[in-house]
Protein chains: 2
Amino acid sequence: MGFNEKQTDILLAAEKLFTTQGFDSTSVRDIATEANVNVAMINYYFGSKDGLLDSFFEWRIPDFMIDTEELSLMECSLEKIDKMIEKYIKAMNSHREIYRFIAIESSLKRRMLLSEPFSKLKIHNLNTISTIINEGIAKGVFSANNNPTLIHSMMMGTFMNFQMNQVFLQEQLGIESDDDYGIYIETTLTHFIQTTIKALLTYEISM
Amino acid sequence: MGFNEKQTDILLAAEKLFTTQGFDSTSVRDIATEANVNVAMINYYFGSKDGLLDSFFEWRIPDFMIDTEELSLMECSLEKIDKMIEKYIKAMNSHREIYRFIAIESSLKRRMLLSEPFSKLKIHNLNTISTIINEGIAKGVFSANNNPTLIHSMMMGTFMNFQMNQVFLQEQLGIESDDDYGIYIETTLTHFIQTTIKALLTYEISM
DNA sequence: TGCAAATTTAAACACTTGTTTAATTTAAAC
DNA sequence: GTTTAAATTAAACAAGTGTTTAAATTTGCA
């Protein structure tokens, strides 16, 4: 937390290369060149390449925290579900290459130790949706037997699938540009996820 | 296609290391040692490390093809949807570390050229589900305005999310062993996805 | 202004990477 | 049994890896 200008230069350069090439095939020299900085500065400021990744996680992961303030004011309803999903997708989609990178790197067993901040993010975001759904079930607004963890997995997975198969899906859906793809995610895909979850929460013989 | 014994040894060794460490941080020497083979044999048989990955894709991807024979005999119904999803998850879950590896590697821009067989797999599997859903819509069994590509993304994404966040989800769901996790996927998760898709296909004001 | 700490640098370090070479062994064909 | 091709080997190759060093420069403070 609290990085100086030079550190930020390095982090930005790392971000650009990590997200396009992956962590392992990005060299510290590449990063140094991209950041217009001497190679040794990376070890000086971050200790090691792994330390840089560690700092990168700390630096970027807070962007993906759902803020619950606005939601906490709303009464439990399907509209609240819509709002929450919209917030969710917006948060992740605003830096989708970064989110994809973090999710991929954290999934490798060898990197498990580094993924603590990512774990905290997932717990926070899962709690947000769980609270809302459980409250709705308790009040009888949503049908019971719905598992918030599974619904959360479905939402996250559907979004991530769009990150990991962009080339394929862009072709399948006839989307021309990267920008249009982003728009599709924030409109059509968001609406689809909203519909899906609402269908589940109002599905009588659910589960 | 058609690998001899030595080539298979190499592919099996590569599989073990690729799926646990990723492609970039697995060295050809590691693979050679694991396969009890001279390093040069990898280049002799596969040309290069990239060529090995290429062959690995060709070798394993057919396992994930959904066979449509049994499905084509069934009449269009919600039971057919259940059956299809069951087949889908079973096919992917039987070698889930391999599927995760392929999906991750194919998602890196730098590896796009290699992912042609994966692309073909995705098209085949997407067509399988699309055909069934579109037939159901045409016959009025399923509600219209359902987008098969989105439903497919949802199913794939939900499954993949379980692959990429195993440690996290195992803890969240209180699952003890890796085997139990696999069982959970083939029972509870499969049922959840079935329910979700059926809820969508019978949701009146869908989309 | 002087001094100590922090920053920055080029060079070197030790090691790993994927690949190739040239020699040797094994197998198949005539 | 000789010849030709395929398979296998250890060694070398050239380039790249993350990291450290020790010297030089800059900075902040008394």
Checklist line | side-chain N/O A/Y45 vs C/dT8 OP1/OP2, d < 4.0 Å | finding: yes

Item checked: B/R29 CZ - C/dT19 P separation (whole Å) -> 11 Å

Notebook entry, point to check: How long is the line joining CG of A/L52 and P of D/dT19, in whole Å?
Noted result: 10 Å

Note to self: Rounding to an integer number of Å, can you tell me how far B/N43 CG sits from D/dA6 P?
What the structure shows: 18 Å

Margin query: Of the options D/dT19, D/dT8, C/dT19, whose atoms approach the side-chain atoms of B/V28 most closely?
Written below: C/dT19

Margin query: What is the separation between atom CD on B/E5 and atom C1' on C/dA27, rounded to the nearest whole Å?
Written below: 16 Å

Notebook entry, point to check: Think A/N38 has a side-chain N or O under 4.0 angstrom from the OP1 or OP2 of C/dT8?
Noted result: no

Next item on the list: Please determine if A/E79 and A/K83 form a salt bridge, counting it only when a charged side-chain N lies under 4.0 Å from a carboxylate O.
Entry: no

Next item on the list: Could you tell me how the ring of A/F56 sits relative to the ring of A/F18: parallel (under 30°), tilted (30 to 60°) or perpendicular (over 60°)?
Entry: perpendicular

Check: Taking the nucleotide of DNA chain D with the closest heavy atom to each, which residue, A/G47 or A/D30, is nearer the 5' end?
Finding: A/D30

Margin query: Output the rounded distance in Å from CD1 (B/I10) to P (D/dT8).
Written below: 9 Å

Checklist line | C/dT7: pairing nucleotide in any strand, Watson-Crick or G-U under 3.5 angstrom | finding: D/dA24

Check: Side-chain N or O of B/Y44 less than 4.0 angstrom from OP1 or OP2 on D/dT8?
Finding: no

Next item on the list: Report the distance from atom CD1 of B/I31 to atom P of C/dT16, rounded to the nearest whole Å.
Entry: 16 Å

Note to self: Strictly below 4.0 Å: does B/S27 bring a side-chain N or O up to OP1 or OP2 of C/dT17?
What the structure shows: yes

